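It should be emphasised that the depicted structure is a prediction, and the values quoted were computed from it without experimental measurement. Here is the naming used below: chain letters follow the sequence lines, and residue numbers restart at 1 for every chain.
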Number of protein chains: 2
Amino acid sequence: MPRRNVVKPAPSQPEPTILDVARKARVSKSLVSMVIRGEEGVSPKNREAVLQAIEELNYRPNVIARSLVQRRTRILGVMISDLRNPFFGDVVSGIQMRAEDLGYRVLFNTGERVPNLEEAAIESLLELRVDGLILAAPRVDDTVIERACRVVPVVVLNRDTSATCSDSVTNDNLAGARLAVEHCANLGHTRIAHIDGGSGAGAGVRREGYLRAMRQLGLEDSIVTVEGAFTENGGYLGARELLSRSPLPTAIFAANDICAIGAMKALEEAGLRTPADVSVVGYDNTSLATLPQISLTSVQQFGADIGRLGLECIFERIEGKRSTPRHEVVAPTLVVRASTGPPPAKPKALR
Amino acid sequence: MPRRNVVKPAPSQPEPTILDVARKARVSKSLVSMVIRGEEGVSPKNREAVLQAIEELNYRPNVIARSLVQRRTRILGVMISDLRNPFFGDVVSGIQMRAEDLGYRVLFNTGERVPNLEEAAIESLLELRVDGLILAAPRVDDTVIERACRVVPVVVLNRDTSATCSDSVTNDNLAGARLAVEHCANLGHTRIAHIDGGSGAGAGVRREGYLRAMRQLGLEDSIVTVEGAFTENGGYLGARELLSRSPLPTAIFAANDICAIGAMKALEEAGLRTPADVSVVGYDNTSLATLPQISLTSVQQFGADIGRLGLECIFERIEGKRSTPRHEVVAPTLVVRASTGPPPAKPKALR
DNA sequence: GGCGTCCTCTGGAACGTTCCAGGTTGAGGA
DNA sequence: TCCTCAACCTGGAACGTTCCAGAGGACGCC
């Protein structure tokens, strides 16, 4: 246990308590409590007096004390693996909105993608006695998730987990990959390559989805995959690898948007235009894909919906309505933009 | 006061308390407390026994109860006006890192840029009795800030405020605007136009910085400003406005990166190339500016530093080391990329 | 008039910690 | 042997709420 309590309490003037309000309104603290919680059975006269005293004293209920006696905090803990990835902005927004409706506060946290830090972040939320835990694409070990489950409802977002105790919400990566491949095929492409996401969460499934779709379309002979990553550089290197092979693909399905952007950079450097020479499809449909200079066709996984569903899972558990795991899969869609088009009539040779 | 407490406490099995640990280790609760807090003066034998009991029971200290008696939560509240703006990702990261060092938790919140919601978010943090409040570019009224100051140390980031009670950390918008203008002038531009940020926070100051820099460089006759916004559409419309006038500028200083991206779109549509025909400079140096397809020259305001400084301000107050306001201004720098270059020898006419 | 019922209100006991004043022990010195 | 002192430990009183059992009136009914 860390040693932390060296600092003395801040010597600010004490804030008014429920007792101060009670004295001022000449009623009991219980009555004040009833008014605060909006309970029935308080005479209009007293309710008015209490409300006025609250106003005059600038009283604010102490949710810490409330949480202690109720043994619930009405706080939901959310551990976000990466606060800078625009995709999680959507997720957070979905969580926040729904939480507000349900009368919960949301406490965000991050471990900056480092497993140890993420574990500490989770522990920190548990010490706070959050009523539920949402883990957005966590990189921690399954055992950490299992341990958290013993104390509090947990839902894992956008990550496969073998932990049997938690709920999960993911996007259908198989279907998403199929959408991307079929879109290219429908445009007339046959030489459709895939730059995968390396060891990133969900990368394996997307790769599998690509393989299956290609086979299903009778394009198994054109299957080409190279290793990439969920980063711009991963996409760049993956595309370079593709460019070094022959024949060139006429379409590339990248593991995610950032990866696709890196790939587009490599293509541009090689003198290939998108989509005239090579079409590119991304995944996530982040705000990046919508930028006019990029205008990337991308598989959309509805981040806000994923967040909202995660919150609903948690809430069912908190309410005691359910105690068996629920695994929700959100169907992705394809958003077509300017980065894809028909294959060139006569494939361009590299300069 | 809202009525919220309809739901009964979740009937999970009770978590072990300090008393359970004490019983198991055959010591008093006070001794356990001492071990948890890492105090001196505990015999090695007992310390060992307590630690073991904690381990076996999977005990986790209840920070809620601790907060109640200590009358401090060791939680810092952070209200972020816009969680999707990548700039705030940096700010949050700076806050989080420093907070961890100092043994504080950080509770994030957002009001999604709606003043009323933001006020509610702040109120919610105050009810939680956070030890300090960080407001990142809040859109609330100054009176709301003043009221919060009465209860807890407050620091306002990236926003001018007339509230005299709070600390503030801002970036030097005047200097940033000057950097942008001087960079263009150094490249040989004279017709440097500005698309401003409309009523957004800091927009006025950046505009003023542009005006001063132009005058200082003797370019007052070339001053051209149009109204824009901190959005892509704002930049697009602003650029269209510029394109409708004559003579065309050879460089554009946009209020913000997203705004610059919108402007670039308008230029592209008009058949003008960046930077061959028109150079463009943004502000914020967000991750967007670094994308290879965009490669935007931009004024960097160090978000992480701003967050870190804000946290340090709060901490000084909490520690009681200071009770007078501190106003910190961070110097911006310019990051030059591919969107700026020398003016065309013979300015292009519009198609 | 007595009784039951409803409405309104109240005091005290939790909740799980920390902090404080003081207790116990054993060693060492007079 | 007794006293002192340090080292180590302990129980009880907070902290600011909620919740519960029940008190006290007013009223209506028999």
Inset, instruction - Could you say whether B:Pro44 or B:Ala65 is positioned toward the 5' end of DNA chain D, judged by the nucleotide with the nearest heavy atom to each? - result: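 Result: B:Pro44.
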
Does [X] put a side-chain nitrogen or oxygen below 4.0 Å from OP1 or OP2 of [N]?
| X | N | value |
| --- | --- | --- |
| A:Ser43 | C:dC9 | yes |
| A:Arg66 | C:dC15 | no |
| A:Arg37 | D:dC19 | yes |
| A:Ser33 | D:dT18 | yes |

Legend entry - A:Lys45 NZ - C:dT8 P separation (whole Å):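 From A:Lys45 NZ to C:dT8 P: 12 Å.
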
Inset, instruction - Answer yes or no: is there an ion pair linking A:Glu119 with A:Arg147, defined by an N-O contact shorter than 4.0 Å? - result: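 Salt bridge present between A:Glu119 and A:Arg147.
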
Legend entry - Nucleotide nearest B:Gln70 when distance is taken to its side chain, options D:dC19, C:dT18, C:dT17: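 Comparing D:dC19, C:dT18, C:dT17 against the side chain of B:Gln70, the answer is C:dT18.
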
Legend entry - Atom pair OG/CG of B:Ser81 and B:Leu117 - distance to nearest 0.5 Å: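 So the OG of B:Ser81 and the CG of B:Leu117 are separated by 12.0 Å.
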
Pairs under 3.5 Å (N/O, protein and nucleotides 23-26 of chain C):
none

Inset, instruction - Looking at every strand, decide which applies to B:Val42 at a 4.0 Å heavy-atom threshold: base, sugar-phosphate, or nothing. - result: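 Sugar-phosphate, backbone atoms only, no base.
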
Legend entry - Heavy-atom check, side chain of B:Glu15 versus side chain of A:Leu126, under 4.5 Å: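 Sidechains of A:Leu126 and B:Glu15: no contact.
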
Atom pairs under 3.5 Å, N or O on each side, protein against nucleotides 10-14 of chain D: can you list them with distances?
from: D:dT10; atom 1: OP2; to: B:Ser28; atom 2: N; distance (Å): 2.8
from: D:dT10; atom 1: OP2; to: B:Ser28; atom 2: OG; distance (Å): 3.0
from: D:dG11; atom 1: N7; to: B:Ser30; atom 2: OG; distance (Å): 3.1
from: D:dG11; atom 1: O6; to: B:Ser30; atom 2: OG; distance (Å): 2.5
from: D:dG12; atom 1: N7; to: B:Lys29; atom 2: NZ; distance (Å): 3.1
from: D:dG12; atom 1: O6; to: B:Lys29; atom 2: NZ; distance (Å): 2.5

Legend entry - All side-chain contact (heavy atoms from CB on, under 4.5 Å) counterparts of A:Thr73, not counting sequence neighbours: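 Partners of A:Thr73 by the side-chain contact (heavy atoms from CB on, under 4.5 Å) criterion, ordered by chain and then number, come out as A:Ser67, A:Ile75, A:Arg129, A:Asp131, B:Ile64.
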
